[in-house]
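These notes are about the structure you will find just below.
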There are 2 protein chains.
Amino acid sequence: MDPARTHKKVPVAELNRSACLGPDGAVAQVTRCLKMISGRWKLPILFRLYADGMQRSSLLLRDIPDISQKMLTQHLRELEADGLIRRTDFGEKPPRVEYRLTDRGEGLMPVLLSARQFSEDYDQLA
Amino acid sequence: MDPARTHKKVPVAELNRSACLGPDGAVAQVTRCLKMISGRWKLPILFRLYADGMQRSSLLLRDIPDISQKMLTQHLRELEADGLIRRTDFGEKPPRVEYRLTDRGEGLMPVLLSARQFSEDYDQLA
DNA sequence: CCGTATCCCAATAGATACTG
DNA sequence: CAGTATCTATTGGGATACGG
């Protein structure tokens with residue numbers, strides 16, 4: 001134990017001091033998660049797909065207020081590259097493409113629920 | 001029920017379709033949470049304070065690699081404005097100022113733990 | 001219907017130098 | 001030691017027009 005740091009604060013088991021720091025510590029892990037969901041339209045898209053299941057891009061474009069064609073496609077690409085959603089091109093004419101959450105995407109929901117809970121508790125605290 | 005949307009996907013109780021959307025829905029709540037922790041140095045600072053308890057700014061500056069004086073102060077101000085940390089000026093000479101997590105700040109930890117868990121599970125999935 | 005390519009603007013962050 | 005002030009670089013987002 002570093003003698004220069006004798007704090008009374010006891011870190012919880014899952015998040016002790018050594019687990020927090022360093023290149024592959026908690027900071028890096030959380031940062032990676034946050035990067036996947038950072039972007040103006042990531043959350044609206046993810047929640048839409050979670051609520052609706054597989055969905056055509058034209059419907060996403062219609063149901064997400066103020067999003068543009070370009071931004072929709074761009075964010076869909078990023079989410080796909082991160083393995084959170086899967087793209088299915090039916091190869092029809094006129095074009096029909098649908099998106100849905102992957103297992104990884106579903107695995108993100110507890111994080112979002114947790115963040116939502118924090119936000120609700122926040123107003124109660126002070 | 002909208003006839004154009006007959007999906008088999010059943011939303012969980014805490015996160016059903018009506019709770020996801022709209023101006024005060026889950027998207028807005030999660031977004032607010034994310035805004036509080038978005039910023040290059042927010043996580044390192046929060047984890048530091050969580051692990052170490054009350055801490056002088058000079059020690060934060062020393063222990064967080066690559067952070068500059070300016071960025072440290074700037075992010076500390078933002079975290080304070082969001083009520084996640086508390087600043088204590090001891091009014092001594094030479095100056096001594098310390099920071100620590102508030103109850104709101106502590107309440108953020110479950111979110112960060114959840115995100116960390118997701119990041120670990122992520123590699124196992126595919 | 002679905003996607004791409006350009007160009008532009010605002011927000012964020014970093015380097016550096018300075019003050020009580 | 002703790003904090004501020006400028007200036008500049010980079011990034012993310014948006015408007016618009018075009019293509020398969």
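Lettering follows sequence order; numbering is per chain, from 1.
- Taking side-chain N and O atoms only, A:Trp41 has a distance below 4.0 Å to OP1 or OP2 of D:dG14.
- Salt-bridge annotation for B:Arg32 and A:Asp123: present, with a side-chain N of the basic residue lying under 4.0 Å from a carboxylate O of the acidic one.
- Under the side-chain hydrogen bond (donor to acceptor under 3.5 Å, both in side chains) criterion, B:Glu92 pairs with B:Arg96, sequence neighbours left out.
- Among the nucleotides D:dT4, D:dC1, D:dG20, the one closest to the side chain of A:Pro95 is D:dG20.
- Atom NE2 of B:His75 and atom P of D:dA2 are 19 Å apart (whole Å).
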Exercise for the section: Test A:Thr102 against A:Arg86 for side chain to side chain donor-acceptor pair (under 3.5 Å), laying out the working first. Expected result: CA-CA 6 Å; A:Thr102 62; A:Arg86 171 151 36 249; 6.0 Å; no
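- B:Ser68 comes within 4.0 angstrom of nothing in the nucleic acid, heavy atoms only.
- Positionally, the nearest nucleotide of DNA chain D for A:Ser38 lies more toward the 5' end than for the other of A:Gln69 and A:Ser38.
- Heavy atoms of B:Tyr99 sit under 4.0 angstrom from primed sugar atoms or phosphate atoms, though from no base atom.
- The side-chain heavy atoms of A:Ile64 and A:Trp41, taken from C-beta on, include a pair separated by under 4.5 Å.
- Protein atom CG of B:Leu72 is 11 Å distant from nucleotide atom P of D:dT4, rounded to whole Å.
- Atom CD in B:Gln74 sits about 12 Å away from atom P in D:dA5, given to the nearest Å.
- For A:Asp66 and B:Arg77, each mapped to the nucleotide of DNA chain D holding its nearest heavy atom, the one lying further toward the 5' end belongs to B:Arg77.
- The two atoms that bring B:Leu72 and B:Ser57 nearest to each other are CD2-O, 3.5 Å, heavy atoms only.
- D:dA2 atom C1' lies 15 Å from atom CD of B:Gln55, rounded to whole Å.
- Protein atom NZ of B:Lys70 is 10 Å distant from nucleotide atom C1' of D:dT8, rounded to whole Å.
- Put simply, CG on B:Leu61 is 9 Å from P on D:dC1, counting in whole angstrom units.
- One finds a side-chain N or O of B:Arg56 lying less than 4.0 angstrom from the OP1 or OP2 phosphate oxygen of D:dA2.
- The backbone N or O of A:Ser38 sits less than 3.5 Å from a side-chain atom of A:Lys42, completing a donor-acceptor pair.
- In this entry the distance linking CD1 of B:Ile45 with P of D:dA2 reads 14 Å, nearest Å.
- Once you apply a 4.0 Å limit to the heavy atoms of chain A, the touched nucleotides of DNA chain C run 5' to 3' over C:dC1 to C:dT6.
- A:Asp89 is listed as a side-chain neighbour of A:Arg87, based on a closest heavy-atom distance under 4.5 Å.
- Whole-Å rounding puts the A:Met71 CE to D:dA15 P distance at 10 Å.
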